[in-house]
Amino acid sequence: MTLFDMTQIEATQQNLKGGKHLANKFGKSFHNPQVIRGIIAGGVIALAITAVSIIFWGGKALTFETIFTNTTIGLALGSLYAVYATGLVVLYNTTGVFNFAQGAIGVFGAFIYWELHFNDNPLVFRFIDLFSITILPEKFHLHSLIAMPIALLVCGAIGIILDVLIMRKLKETSLLVQMLITVAIMVLILALAGDIWNADQPRPFSPLFGGSGPKIFGATITLHRILVFVTAGAVAIGLRLFLKKTRLGIAMRSVVDSRELASLTGTNPNVISSSAWALGSMLAGLGGILIAPEFQTLDPTNLNTIVIIAFAAAACGALRNLPMAFIGAIAIGLIKQHTSIWLDLSTDYRNIPDAFAPFILLVVMVVIPDTRLELTRIVKGLRSRERVTLPWEAIIGGAMLILVAVALSGGWLNFGFWNPSDWGLAALNNSVAAMALILIATSLIPLTGWTGQINLAPLAFAGFGAFIYTKFIGDAAFGQWYWLPLVAIATAPLGALVAITAARLKGVYLGLASLAFAQLMTFLFFAHSEITPNFVENRQFERLEIIWFNFKKGFHRLKLINDLDEFRFLVVVFAIVIVVLVFLRHSRFGRRWVALSDSEVASASIGVNIVWTKVAVYSFSAAIAGLAGVFWGVANTSFTADSYDILEGLALVLLLAAAGASIPVAGIFLSFRFLISGLAKRLADTDSVDWLMFVFEKLEKYGPGLLALGMVVNSRGAVFRIGQGFAQMLPWRRDAKIARKAEIAKAQDPEFGELGLEKEFLPDKVMDLDRRLGILSYSVPEGGYEILKDNGLGKNANGTQSKPEPVETNTNSEQKTDK
Amino acid sequence: MEHTNGRSKFLNRFIQSINGDFTPLVFQKDLDAMANFDDRQFDGSTLETTDVKMYFGGVKALDGASIKVEPGKLTSLIGPNGAGKTTLFNVITGFLKPTAGQVFLEGREITREPIRARSKMGIARTFQKLEAFNTLSTRDNILVAGEKHNTRTETPTKLEVDALMEDVGLAEYSDITVGTLPTGIARRVELARALATHPRILLLDEPSSGLNESETEEMAQLLSKLTKQGLSILLVEHDMSFVMSVSDFIYVLDFGKIIAQDIPEKIQNDPKVRAAYLGAH
Ligand SMILES: Nc1ncnc2c1ncn2[C@@H]1O[C@H](COP(=O)(O)OP(=O)(O)OP(=O)(O)O)[C@@H](O)[C@H]1O
Ligand SMILES: [Mg+2]
């Protein structure tokens with residue numbers, strides 16, 4: 001939990017005690033300081049709009065007709081964003097989960113609708129055709145009034161399935177894991193949609209009512225847009241009524257505060273969270289269907305970009321406030337439409353209208369404080385010894401890694417199937433790319449794994465490093481190795497900048513801010529021809545010249561002329577980085593970083609400077625990422641913005657998280673992806689079995705998402721598990737053997753060793769619990785009077801408390817009973 | 001802790017560091033200095049708040065609270081739920097900036113100092129809702145705090161941490177991840193962490209919550225020992241028998257105001273206090 005919500009949490013605990021918990025939710029969260037902050041955020045955004053307008057003004061005549069037309073278009077767009085955003089806000093309020101997959105679910109809804117309404121040969125028919133049954137008509141289109149509800153129901157069903165199969169199992173895990181899981185769901189749904197409806201086929205998606213509509217003030221307002229506006233308004237008002245007036249709605253609002261409390265009111269929390277997921281997903285579907293006509297053709301990736309706008313809108317309501325989110329959405333729609341009309345933008349600045357959404361998201365996230373109540377969740381576990389890789393283990397491990405890699409790539413170790421000459425250039429290039437990505441992922445280990453700072457923009461840092469290299473060093477110095485530290489040093493300030501702006505953020509807020517940052521970098525920085533001149537002069541990555549060692553020549557200069565050399569060099573760099581990381585983890589810095597991630601409040605109380613600590617770790621992480629970005633560029637041979645794309649970055653983060661972000665070597669896990677694509681390429685060369693190719697292709701596509709879902713089972717990551725298995729076999733790791741035994745014992749008896757209680761529940765403990773819950777009153781010794789122990793359940797004059805006995809609390813954990 | 005056994009200093013240092021131990025080498029004189037850790041003395045300081053007000057919108061969490069903690073004394077702050085006790089802690093430690101009023105440490109005004117500066121001056125605290133570093137081991141929890149306040153003089157932090165763990169009864173848990181420890185022990189970790197910052201005044205927010213009777217008893221003994229060693233303590237506690245047995249002086253807070261202040265025996269029989277607790281206004 002952050003420093004900044006501590007007081008809030010205590011306040012809320014107070015409110016819970018007084019039973020005021022419902023009054024303080026929804027809508028009323030804006031007391032004074034927040035209004036001021038809102039004004040600051042608004043001011044910054046207004047300033048940016050003004051500045052951009054002055055600089056890029058296109059000089060078009062301001063006629064009433066154009067203004068009117070574009071305002072209506074902007075309003076319609078805004079209403080669509082609002083539909084998405086309200087879904088996000090409702091879900092967040094109810095389950096505490098911010099659903100990154102919202103856009104992807106919308107994509108799915110739009111495609112289902114397209115299948116039912118537009119497609120001549122819908123999916124269901126194609127499926128039935130597989131069994132060569134021909135009772136069906138040639139063409140079949142459902143009326144939109146039938147197709148729409150069906151599509152929405154499918155979306156609702158997806159929501160419920162997600163809740164039941166995945167999200168419900170995550171109650172005990174950290175919010176970070178929950179967020180990453182929704183990112184994984186997004187990646188998976190998009191991949192699936194891309195597979196079912198491949199992007200090559202054009203899919204026209206005409207607006208409802210065929211684009212006709214009344215003429216007002218000389219401009220045609222399509223009925224579709226009017227309908228959109230009305231729908232959004234109806235949704236907003238309907239939701240408000242639903243949440244304020246209906247039993248389910250009120251229960252939904254209370255459940256996020258306390259599941260136990262909600263269940264006391266007689267509503268099943270599972271029903272509530274499923275309803276929220278269904279509702280949120282249906283809203284996503286509705287948004288997707290209505291917005292699709294705004295695109296030329298239906299394309300999953302394109303359609304998904306809406307989601308960042310929806311995030312920005314939700315952010316305007318601090319993720320919780322429906323009316324503000326609605327207003328934010330409308331504002332973004334208007335800004336986007338008007339800037340794209342009135343401004344005269346060269347290709348370098350073509351993305352400015354789109355860049356306003358991530359800009360607003362970033363500003364709001366940074367200015368509006370974290371009001372989310374992130375109670376420190378105790379992830380239950382066995383009483384376990386802390387075991388961090390020791391430096392000597394890392395040194396030996398790193399040396400072995402280098403030996404094996406050099407031996408394999410040099411052909412000294414020849415397994416027949418693994419002969420580099422045989423493998424071909426493509427596979428080697430793959431290995432270089434893999435090593436570069438592994439390094440980028442490794443940059444997240446101190447940042448995310450240890451300090452708990454989620455960063456969804458690792459490739460933005462990498463891209464910046466690559467930019468520095470191509471722009472200033474690659475050309476001038478012909479890639480001397482000693483320029484590399486300069487890249488690292490130049491990238492570090494970018495990290496520091498992010499750290500300073502995001503110092504107050506945590507969890508979802510930080511995730512969103514980093515995503516907005518990545519999007520801004522893509523839209524404005526990488527899209528600029530000065531920065532990525534690939535179309536103009538195809539700036540190449542000059543290969544490095546390094547100092548190398550071998551037994552024949554001793555130390556000598558070596559130009560990395562091919563991928564083989566490059567690969568070996570990268571393995572050495574990786575090994576060094578790992579050893580440095582392990583040393584760091586054992587130093588006072590490493591300890592302080594982990595402590596910061598565990599509790600900012602406590603860190604501050606012992607005198608840690610939170611902001612500087614974050615600046616240090618962000619800079620360090622950015623430096624590694626910048627360095628790795630150069631190698632990533634080398635592997636791709638030229639510098640293009642696509643190589644630093646956001647989705648690619650998300651896949652990276654997911655894979656790392658699935659592997660276990662706090663383990664220094666976890667990055668190696670990423671190589672599996674390249675192993676797969678390497679194998680696939682090799683198979684393609686030798687022209688062997690098609691189905692195997694197919695399997696590999698799918699594995700590569702769905703692997704990251706599916707592996708990340710593995711966190712549902714083990715939130716500490718796969719490498720941790722595998723590592724534990726290995727560790728048992730090492731003679732000096734007695735601790736691992738003991739831990740393993742305890743785990744087996746626990747698997748057989750779930751109550752074994754829960755929080756060290758070891759099933760002992762002595763009478764005095766029970767009494768003490770009762771006492772603390774105010775069930776008994778007791779007297780002050782030495783002739784004092786009776787003082788009612790009032791702790792948590794309100795004052796009661798006669799000392800008898802009519803409160804259900806805390807059965808659950810007793811058996812699970814002591815932690816819950818302390819307030 | 002091993003000391004140099006005739007091996008070269010550098011070899012020792014190397015072996016130590018590849019084993020993940022980056023503390024300076026330990027010499028006999030350090031060990032001698034540490035030998036009587038139990039007899040350590042704290043340089044307890046005076047803490048005073050004058051007329052502190054803290055308003056949250058319309059809520060007057062504190063409405064003119066003045067208290068004084070004498071050096072080497074255990075002063076308690078009691079009051080019903082929502083009286084403003086934790087808020088006063090937050091004001092004293094710098095987590096909240098008061099609407100009005102001042103905080104003095106050793107006569108020096110610190111009302112506007114940042115949290116970490118106050119920590120350097122010797123204010124340490126624990127939290128009502130346990131805030132341990134859950135993924136670190138007990139030793140590391142304490143070490144993090146010690147390192148921040150290591151004066152780099154004679155005593156290496158690591159030794160001090162070992163001694164502290166012994167003192168607070170945590171030696172057997174030194175390598176266990178704190179998040180997996182029972183609350184009672186984790187509370188002690190939090191206390192040891194606060195002590196590792198070389199405090200001059202210690203603020204404890206309900207240290208007995210989550211503890212059973214015998215653990216509470218041990219906690220009381222520990223606190224008495226600390227005050228004997230010269231530490232000033234400000235205690236917030238709901239457990240009345242605990243408060244009455246350890247306190248030198250008690251303040252009673254209700255609705256943000258001090259309604260009574262006296263020695264324990266007097267407080268016990270004060271009708272105002274009784275009224276506040278029973279909610280009979
Ligand atoms: N950040 C905040 N914003 C708004 N109100 C707050 C905030 N912090 C505390 N309060 C309010 O101030 C009052 C005092 O709270 P405080 O936590 O200091 O009480 P307390 O005496 O510590 O109670 P307890 O014995 O339950 O711990 C309460 O009414 C609480 O709701
Ligand atoms: Mg309190």
Side-chain angles (χ1 to χ4, degrees), chain A residues 3 6-7 9-11 13-14 17-18 31-32 376 378-379 381-386 388 390-392 395 583 586-588 591-592 594-595 597-599 601-602 604-609 755-757 764-765 767-768 772 780-782 784-785 787-791 795 797 814-815 817-819, chain B residues 17-22 56-57 80-82 86 90 93 95-96 115-116 119-120 124-125 127-137 140-141 143-145 147-149 175-177 179-185 193-194 197 209-210 212-214 238 240-241 244 268-269 274 277-280:
Chain A
L3 189 52
M6 188 199 68
T7 45
I9 287 175
E10 285 179 358
Q13 286 174 340
Q14 293 298 336
K17 285 173 203 161
H31 39 79
N32 278 342
T376 313
I378 309 291
V379 181
L382 285 168
R383 185 187 297 188
S384 59
R385 252 154 224 291
E386 192 195 26
V388 186
L390 294 173
W392 67 264
I395 293 171
F583 268 92
H586 283 274
S587 75
R588 55 173 64 205
R591 263 192 293 276
R592 199 170 297 161
V594 177
S597 128
D598 280 346
S599 169
V601 181
S605 82
I606 58 168
V608 172
N609 186 332
L755 281 166
L757 278 177
D764 75 328
K765 214 163 226 177
M767 238 174 71
D768 176 61
R772 274 185 285 120
V780 176
E782 290 160 15
Y785 53 86
I787 286 180
L788 174 65
K789 174 77 183 175
D790 180 8
N791 196 339
K795 291 172 188 168
E814 287 189 314
Q815 217 81 42
T817 63
D818 94 72
K819 33 168 253 164
Chain B
S17 67
I18 62 172
N19 274 305
D21 178 2
F22 298 98
F56 299 105
N81 284 130
T86 301
N90 287 341
T93 48
F95 284 86
L96 289 173
I115 303 170
R116 58 174 187 284
S119 163
K120 279 226 171 60
R125 75 174 286 184
F127 295 86
Q128 182 167 2
K129 191 185 137 286
L130 196 61
E131 287 285 343
F133 301 133
N134 281 330
T135 61
L136 288 175
S137 66
D140 281 356
N141 261 267
L143 204 52
V144 169
E147 279 163 351
K148 213 38 224 179
H149 294 263
D175 292 329
I176 310 276
T177 313
T180 63
L181 287 172
T183 318
I185 298 163
R193 186 182 63 197
T197 64
S209 98
N212 62 28
E213 307 266 316
S214 62
H238 272 292
M240 282 308 139
S241 52
M244 296 303 162
Q268 274 185 38
N269 297 308
R274 187 191 166 87
Y277 265 87
L278 297 178

Any side-chain to backbone donor/acceptor pair from A:Ser599 onto B:Phe133? Under 3.5 Å, distance only.
no
Honestly, the part of B:Thr93 sitting under 4.5 Å from a heavy atom of chain A is neither
Worksheet item: Would you say A:Ser605 and B:Phe127 make side-chain contact, with heavy atoms under 4.5 Å?
Response: yes
Between B:Leu136 and A:Asp598 the two heavy atoms that sit nearest each other are N-OD2, 3.7 Å
So CD1 of A:Ile606 and CD1 of B:Ile115: to nearest 0.5 Å the spacing works out to 12.0 Å
Honestly, the part of B:Ala132 sitting under 4.5 Å from a heavy atom of chain A is backbone
